[in-house]
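Just so you know, these numbers use all the heavy atoms, side chains as well, and skip hydrogens, waters and symmetry mates.
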Amino acid sequence: MSSLLSSVAALAASQGPLSAVWQRLTDKTFRGLYQVNSFDLAIMLPYFAVLIVLAAYGSHRYWLVYNFFKHRDVNPGPPPAVAVWPKVTIQLPIFNERYVVDRLVDSISRVDYPRESLEIQVLDDSTDETQEVARACVERYRALGLDIHYLHRDNREGFKAGALEEGMKTATGEFIAIFDADFQPHPDFLRRTVPYFQNPNLGMIQTRWTYVNRHYSALTEVESILLDGHFVMEHGGRYREGSFFNFNGTAGVWRRQAIEDAGGWEHDTLTEDTDLSYRAQLRGWKFIYHIDIECPSELPVEMNSFKSQQARWAKGLTQVAKKSLPRILRAPVPLHVKAEAFFHLTANLSYPLMMLLSTLLLPAMIVRFYQGWFQVLIIDVPLFIASTCSISSFYLMSQRYLYPKTWTRSILYMPFVMALGIGIGVRNSVAVIEALLGIKSEFVRTPKYRIQGDARENWISKAYRKRSGWMPWLEVALGIYFASAVAYSLQNENYATVPFLLLFVGGYVYTGAMSLGQGYFERMRLGISSGETRPAATGAPSF
């Protein structure tokens with residue numbers, strides 16, 4: 001063995017630049033001098049604990065990809081023939097969506113389904129001029145013979161879940177199709193989904209979202225990749241493996257009996273769709289995820305709206321975890337179903353853990369410098385690969401599946417995908433902690449501006465009033481903090497960590513600066529000084 005090491009050392013020394021690397025790896029300068037102390041333990045124990053947990057969630061992404069391709073033959077198949085089309089109620093829950101409500105109603109009016117078996121409800125909780133726009137749309141199409149009704153509530157009790165629950169009181173359909181304000185289902189949507197309900201055990205069918213403004217900006221490109229990963233690898237992997245998965249709140253159809261049997265819409269979480277989904281599946285109802293049925297939608301085009309959407313989902317899923325996970329773990333369902341539910345519902349715990357890792361990373365780098373490169377290579381690197389590289393493979397596989405001819409274009413966006421995932425960590429961490437502490441908050445809907453295609457429309461000219469709050473300042477500060485970590489790494493020739501640290505710098509600076517910049521231009525347009533606190537048009541609170 002000693003002769004082998006001597007040979008390797010001699011070879012390294014003869015290779016010029018490789019000799020410096022070999023010297024760093026075998027440097028014994030601090031060997032025998034470094035002694036573990038309480039300060040180092042206080043840094044390194046939580047550092048490794050966080051890394052191990054994040055690596056576990058990262059490894060779970062690999063598992064989802066594996067299940068998706070392992071069970072590639074598990075698909076819904078062609079729908080059975082229908083002799084008599086059942087009655088369907090389409091519910092359209094809206095809140096202050098003056099820019100897109102007419103497009104929504106127009107799209108629904110084009111649905112190809114027997115008119116005598118179709119009912120449409122516009123469930124409007126709006127507090128602005130959306131009321132007039134929506135009411136006019138309903139009256140116009142009702143005059144054309146469409147069975148469409150306008151239901152307005154004077155309060156937002158229960159938010160979206162409350163509106164859906166209110167609509168159920170007068171709905172006459174055996175099946176309930178739900179579409180959010182920014183969706184535009186294809187005319188054959190019901191004819192492609194409803195036939196599957198001839199299976200009496202089927203409770204819900206979810207379809208895949210697509211995006212009319214995918215190529216509008218770098219932000220919408222990244223958003224589409226993030227959502228594609230969810231709708232291909234997450235939904236697809238869970239459905240194909242036979243695990244529980246959730247209704248996404250829109251672009252799906254429910255059997256009314258399944259909703260009622262599960263206890264109806266409840267509004268004690270911000271993700272009422274996921275809550276109902278798990279309750280229904282625990283009652284024995286089967287779900288279908290149809291990856292080949294698409295439903296176009298509109299992505300948020302500005303940073304504050306995207307962040308509020310992600311924070312709502314993060315908080316809502318954590319609330320559902322607190323509410324339903326104990327019941328799921330006690331239920332007589334297979335172990336893999338319980339395990340998948342655990343990873344699904346607790347996944348957003350990674351955000352506060354990532355924030356903790358952010359604060360520990362620079363001190364840990366300083367401590368690790370004196371412990372030698374060998375320990376870093378055999379411990380830190382595998383954990384980082386499990387927790388970070390899984391992200392790229394997860395999203396790239398979804399792009400390869402959906403776009404086999406052009407998926408390599410997505411490789412260029414992977415650094416931005418990972419950076420944005422880091423950048424929203426501050427907002428999502430606060431949301432998750434609020435959920436864990438039982439702090440309630442309002443359902444903040446994601447405003448849409450009717451921006452679609454590649455048209456460079458100016459969304460600011462028709463923006464809702466929003467406040468970015470204090471979080472963007474913290475995000476920028478974290479970006480500066482990680483820039484100092486980059487400087488430290490370069491100073492100590494720790495070049496391998498620089499690309500990883502730059503993701504943190506870029507993610508935090510980008511999300512923070514975009515939020516502040518867009519908020520500034522919006523205030524300028526509205527003529528609001530930085531000290532004013534004019535109420536938001538949406539009634540949405542600022543975090």
Side-chain angles (χ1 to χ4, degrees), residues 76 85-95 108 111 113 117-125 147 149 151 153 156-181 183 185 189-190 193-207 235 238-239 243-290 293 295 316-317 319-320 323-324 327-328 331 333 341 344-345 443:
W85 291 95
K87 184 68 175 287
V88 175
T89 296
I90 297 179
Q91 293 186 325
L92 310 175
I94 61 174
F95 174 68
I108 297 301
V111 170
Y113 200 78
S117 300
L118 183 65
E119 174 190 46
I120 303 169
Q121 293 180 331
V122 178
L123 308 175
D124 188 12
D125 284 356
D147 184 11
H149 308 275
L151 290 81
R153 297 195 304 167
R156 292 188 72 199
E157 182 180 0
F159 307 114
K160 180 180 176 180
L164 295 171
E165 183 181 35
E166 188 69 22
M168 288 278 288
K169 295 177 181 178
T170 56
T172 58
E174 179 183 355
F175 300 98
I176 308 293
I178 302 172
F179 300 98
D180 282 348
F183 280 73
F189 184 91
L190 292 181
T193 54
V194 171
Y196 290 101
F197 285 96
Q198 292 181 75
N199 176 358
N201 296 318
L202 182 63
M204 190 276 298
I205 181 169
Q206 173 69 54
T207 63
H235 269 359
R238 290 177 185 133
Y239 168 67
S243 295
F244 290 171
F245 68 94
N246 63 293
F247 171 57
N248 289 102
T250 180
V253 185
W254 278 87
R255 185 187 298 273
R256 179 175 185 151
Q257 182 185 354
I259 297 176
E260 295 171 343
D261 180 60
W265 294 105
E266 297 180 359
H267 39 80
D268 52 352
T269 73
L270 291 179
T271 48
E272 71 293 322
D273 42 19
T274 301
D275 176 34
L276 177 61
S277 297
Y278 275 93
R279 286 188 280 118
Q281 288 170 107
L282 285 172
R283 293 286 297 172
W285 292 99
K286 303 301 181 183
F287 286 7
I288 282 178
Y289 173 58
H290 210 308
I293 300 180
C295 190
L317 279 180
Q319 290 172 327
V320 176
K323 175 182 178 179
S324 300
R327 181 183 172 191
I328 295 170
V333 296
H344 177 205
L345 297 178
F443 184 104

For [Y], is there any backbone N or O sitting under 3.5 Å from a side-chain donor or acceptor partner on [X]?
| X | Y | value |
| --- | --- | --- |
| Asn199 | Asn201 | yes |
| Arg279 | Ala262 | yes |
| Glu174 | Pro86 | no |

So does Gln198 have more than 12 non-hydrogen atoms from other groups sitting under 6.0 Å from CD? yes
Look at atom NZ of Lys286 and say whether more than 12 heavy atoms of other residues, nucleotides or ligands are closer to it than 6.0 Å. no
Considering all heavy atoms, the nearest [X]-[Y] contact:
| X | Y | value |
| --- | --- | --- |
| Glu119 | Thr172 | OE1-N, 3.0 Å |
| Ala163 | Leu123 | O-CD1, 3.4 Å |
| Ile178 | Gly249 | CG2-O, 3.5 Å |
| Glu165 | Trp265 | OE2-O, 3.8 Å |
| Gly167 | Gln91 | C-NE2, 3.5 Å |
| Phe443 | Leu270 | CE1-O, 3.6 Å |

Distance from [X] atom [atom1] to [Y] atom [atom2], nearest 0.5 Å?
| X | Y | atom1 | atom2 | value |
| --- | --- | --- | --- | --- |
| Leu92 | Ile108 | CG | CD1 | 5.0 Å |
| Phe287 | Gln281 | CZ | CD | 4.0 Å |
| Leu190 | Leu118 | CG | CG | 6.5 Å |
| Leu282 | Phe244 | CG | CZ | 5.0 Å |
| Gln206 | Cys295 | CD | SG | 9.0 Å |
| Ile259 | Leu164 | CD1 | CG | 8.0 Å |

Tell me, please, which residues at least two apart from Arg327 pass salt bridge (Lys or Arg N to Asp or Glu O under 4.0 Å). none
With sequence neighbours excluded, tell me which residues meet salt bridge (Lys or Arg N to Asp or Glu O under 4.0 Å) with Glu260. Arg256
Does Arg156 qualify as a cation-pi partner of Phe95, given the criterion of NZ or CZ under 6.0 Å from the six-membered ring centre and within 45 degrees of its axis? yes
Side chains of [X] and [Y]: closer than 4.5 Å at any heavy-atom pair?
| X | Y | result |
| --- | --- | --- |
| Thr193 | Ile288 | no |
| Asn246 | Leu317 | no |
| Pro93 | Phe159 | no |
| Phe179 | Ile90 | yes |
| Val194 | Tyr113 | yes |
| Met168 | Ile176 | yes |

Could you tell me which residues satisfy ring-ring contact (aromatic ring centres under 6.0 Å, His included) with His235, sequence neighbours excluded, listed by chain and number? His230, Phe231, Phe245, Tyr289
Parallel, tilted or perpendicular, judged at 30° and 60°: which one describes the rings of Phe197 and Phe175? tilted
Without hydrogens or angle criteria, can the side chains of Thr170 and Gln121 be said to hold a donor-acceptor pair below 3.5 Å? yes
Are the charged groups of Asp273 and Lys160 less than 4.0 angstrom apart, N to O? no
